[in-house]
Amino acid sequence: MPFTRLDEKHKRSIRKLISPDRFSDGESHCNLHARDQSFHPPCPPDAVVWPKTAEEVSQILAYANTHGIPIVGWGSGSSLEGNPIPVCGGVILDFSEMNQILDIREADFQVVVQPGLVYQDLNHALRHTGLFFPPDPGARATIGGMIANNASGTRTVYYGSTKDYVLRLKVVMANGDIVEIGGRSAKSSSGYNLNQLFIGSEGTLGIIVEATLRLTGTPEDFSAVIATFPSVESAGKAVFEIRRSGLSPAALELLGPECIELFNIQADLGLTVSPTLFIEFHGASKAYMAEMIDICRMICEENGSEQFEAGLGRQERDRLFEARHDLGEMIVRNHPGCAILVMDVAVPPSAYPEMIGFARREIAKSGLTGYVFSHAGDGNLHLNIAGETGNTDHWQVIDAMVLRIVNNALSLGGTATGEHGVGIGKRKFMEAEHGRSLELMKRIKNLFDPKGILNPGKIFPEDP
Ligand SMILES: Cc1cc2nc3c(=O)[nH]c(=O)nc-3n(C[C@H](O)[C@H](O)[C@H](O)COP(=O)(O)OP(=O)(O)OC[C@H]3O[C@@H](n4cnc5c(N)ncnc54)[C@H](O)[C@@H]3O)c2cc1C
């Protein structure tokens, strides 16, 4: 169905639903909401609105639904797959004015928040409670954006991803109905788990206006390790063996030598340039962690580790993880005039060494520069490939390589996207990954949003 573009009449009507200073169709505001952090081309919305209440969101959606106007939620715009780009125009709902903590329920290990709250700000506010919200995508992401993308991070291997922390949601449906789903008990077997439908739905099923999140205890202590290996494949094998041994690292990150080189140049880390594992353990006592590190050392050495440096201090560990979080930016800075394609396939643990070997061979064959790094403990491989902007030869090579890598991940029982979401770029893999269950997803979308106004052009291959 063709969507309605906002004319002056629609703009006047939407302005009346909120205070006029929280509506803008100005070029600079629209351009600021035209792109996320991906290489996908920008596309400005017709207008941006900054809602303050669930009721305002409800009224805007009811109006948009009646008139066939696209609505796209916006957190920080830090997505890596074009997820919030308003490819069909319409209205962006920017949640930066709905960024409050509504209730800290310390005794229940829970917090009630608005969707525009940035997760680092949440953890800062919680610092005196001994509790925290573990998913950590690294960018300054909002809770709404993290729920909509089911974001993960470096500590997902131990703590889980966003989906493991959502207890209750308040959602505005496409027609403006406000619905509360889930509950505050730690467990429930009651009915369908609707929370999980909205988590990872990229704003295509409803707009999240409030969330009750589970929190967890801040660990008493931590211990960090760096281990280097002669090859990425041997490091990958060590990852598998660490997981198989029953050890529970809180982070298990693998970095190709090209990433370590970048760390040394841009963050002055002075590391040995080799395939490297960053490993972190969290625990209640030093003795417990020392035992875990001994086993980890043994496994790494059995898999050819050349250097194993344990017991890093807090400052050094923070510098390592800061550099790890900045790696995407470092790669961009290292390639002026290029766009960076970011892949995030994930495979079952046993297939991880094979997957990483396959990806590296593909890069070598392509003659382009690629960076392999990964949330290895989750079998989640990141591959960032630099291609000159406007160089069609580069982008043909990259497209073909992406296709082969994703097909390989799928043939190993994996997924095209471990954490960044489908957005625009992964739509073409949906059929191969989901087969007939994609039809069920389409029916659910149709039930929740029959006019297709919520973030059109995402997830489904045939969308505009
Ligand atoms: C340097 C860098 C590193 C990153 N590392 C990771 C990583 O390790 N792991 C990871 O998972 N991700 C990572 N990301 C990606 C990104 O940070 C996450 O996907 C994050 O969840 C996006 O949050 P956001 O607030 O920026 O949301 P946005 O990008 O603004 O939006 C994300 C999606 O949510 C929808 N949305 C936003 N708010 C709402 C709402 N209230 N209701 C319904 N839908 C809504 C949008 O329409 C869009 O589809 C990284 C990004 C960068 C730039």
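Indexing begins at 1, ligand by ligand and atom by atom, following the structure's order.
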> For the rings on Phe198 and Phe448, is their centre-to-centre separation under 6.0 Å?
Replying inline: yes
>> Does only the side chain of Thr154 get under 4.0 Å from ligand 1, or the backbone, or both, or neither? Count heavy atoms.
In response: neither
>> Under a 4.0 angstrom heavy-atom cut-off, which atoms of ligand 1 come close to Ser79?
In response: 28 (P), 29 (O), 31 (O), 32 (C)
> Can any side-chain N or O of Arg360 pair as donor or acceptor with the backbone N or O of Gly357 at less than 3.5 Å?
Replying inline: no
> Among side-chain atoms of His382 and Glu253, is any donor-acceptor pair under 3.5 angstrom?
Replying inline: no
> Mind checking whether Phe132 and Tyr159 have parallel, tilted or perpendicular rings, split at 30° and 60°?
Replying inline: perpendicular
> By number and element, which atoms of ligand 1 are closer than 4.0 Å to a non-hydrogen atom of Pro115?
Replying inline: 41 (N)
>> Tell me whether Asn149 contacts the main-chain N or O of Glu202 through its side chain, where contact means a donor paired with an acceptor under 3.5 Å.
In response: no
> After noting the C-alpha distance and the side-chain angles of Ile143 and Tyr165, does the key distance pass the side-chain contact (heavy atoms from CB on, under 4.5 Å) rule?
Replying inline: CA-CA 11 Å; Ile143 297 297; Tyr165 290 87; over 6 Å; no
> Between Glu419 and ligand 1, is there a nitrogen or oxygen pair with a distance under 3.5 Å?
Replying inline: yes
> Evaluating non-hydrogen atoms only, which member of Ala148, Gly423, Ser161, Ser152 is closest to atom 34 (O) of ligand 1?
Replying inline: Ala148
>> To check your reading of the model: name the closest protein heavy atom to atom 44 (N) of ligand 1, its residue, and the distance in Å.
In response: Gly203 CA, 3.4 Å
>> Need the ligand 1 atom indices (1-based, order shown) with element for anything under 4.0 Å from a heavy-atom of Ala151.
In response: 11 (O), 21 (O)
> Is the closest heavy-atom distance from His375 to ligand 1 below 4.0 Å?
Replying inline: yes
>> Regarding atom 25 (O) of ligand 1: of the candidates Thr142, Asp326, Asp94, which has the closest heavy atom?
In response: Thr142
>> Starting from atom 27 (O) of ligand 1, what is the nearest protein heavy atom, named by residue and atom, and what distance separates them?
In response: Gly145 CA, 3.4 Å
> Would a line drawn from the ring center of Tyr63 to the ring center of His10 be shorter than 6.0 Å?
Replying inline: yes
> Under the criterion side chain to side chain donor-acceptor pair (under 3.5 Å), which of Thr156, Thr154, Asn123 is the partner of Asp136?
Replying inline: Thr154
> In terms of residue, atom name and distance, what is the protein heavy atom nearest to atom 41 (N) of ligand 1?
Replying inline: Ile208 O, 3.0 Å
> Under 4.5 Å between any side-chain heavy atoms of Glu431 and Glu462, yes or no?
Replying inline: no
> Counting N and O atoms only, with roles assigned by atom type, does the side chain of Thr129 sit under 3.5 Å from a partner on the main chain of Leu131, one being a donor and the other an acceptor?
Replying inline: yes
> Which is closest to atom 15 (C) of ligand 1 in terms of heavy atoms, Gly73, Gly144, Ser78, Ser38?
Replying inline: Ser78
> Of all the non-hydrogen atoms in the protein, which one sits nearest to atom 1 (C) of ligand 1, and at what distance?
Replying inline: His325 O, 4.1 Å
> Ser76 near ligand 1, heavy-atom distance under 4.0 Å?
Replying inline: yes
>> For atom 20 (C) of ligand 1, what's the nearest protein heavy-atom neighbour? Residue, atom name and distance, please.
In response: Ala141 CB, 3.7 Å
> At the 4.0 Å heavy-atom cut-off, does Asp36 count as touching ligand 1?
Replying inline: no
>> Tell me whether ligand 1 is touched by Ser201 - counting only heavy atoms on the residue side and a distance under 4.0 Å.
In response: no
> Numbering the atoms of ligand 1 from 1, which are under 4.0 Å from a heavy atom of Val72?
Replying inline: 47 (O)
> Can you check whether Asp121's main-chain N or O pairs, donor with acceptor, with Arg140's side chain at less than 3.5 Å?
Replying inline: no
>> So for ligand 1, is Gly153 a polar contact partner (N or O within less than 3.5 Å, distance only)?
In response: no
>> Quick check against the 3.5 Å criterion: does Asn264 have a side-chain atom that pairs as donor or acceptor with the backbone of Gly270?
In response: yes
>> One thing to verify: whether Asp164 and Arg214 come together as a salt bridge, which I'm taking to mean a side-chain N less than 4.0 angstrom from a carboxylate O.
In response: no
>> Could you identify the single nearest non-hydrogen protein atom to atom 2 (C) of ligand 1 and state the distance to 0.1 Å?
In response: Ala139 CB, 4.0 Å
>> Can you name the atoms of ligand 1, numbered from 1 with element, that are less than 4.0 Å from a heavy atom of Gln37?
In response: 53 (C)
> Looking at ligand 1, does any of its N/O atoms fall within less than 3.5 Å of an N/O of Glu202?
Replying inline: yes
> Where the side chain of Asn150 meets the backbone of Lys163, is there a donor-acceptor pair that is under 3.5 Å apart?
Replying inline: yes
>> Any atom of ligand 1 sitting under 4.0 Å from a heavy atom of Met146?
In response: yes
>> For Asp344 and Thr417, which I'm curious about, is there any donor-acceptor pair between the side chains at under 3.5 Å?
In response: yes
> What is the closest protein heavy atom to atom 14 (N) of ligand 1, and at what distance does it sit?
Replying inline: Leu80 CD1, 3.7 Å
> Which atoms from ligand 1 have a heavy atom of Asn455 less than 4.0 Å away?
Replying inline: 47 (O), 49 (O)
>> Looking at Phe278, I'd like to know if the NZ or CZ of Arg324 sits under 6.0 Å from its six-membered ring centre while staying within 45 degrees of the ring's axis.
In response: no
> For ligand 1, which atoms, with element, lie under 4.0 Å from some heavy atom of Gly206?
Replying inline: 43 (C)
> With a 4.0 Å heavy-atom cut-off (strictly under), which part of His420 contacts ligand 1: side chain, backbone, both or neither?
Replying inline: side chain
> For atom 4 (C) of ligand 1, which protein heavy atom lies nearest, and how many Å away is it?
Replying inline: Pro137 O, 3.2 Å
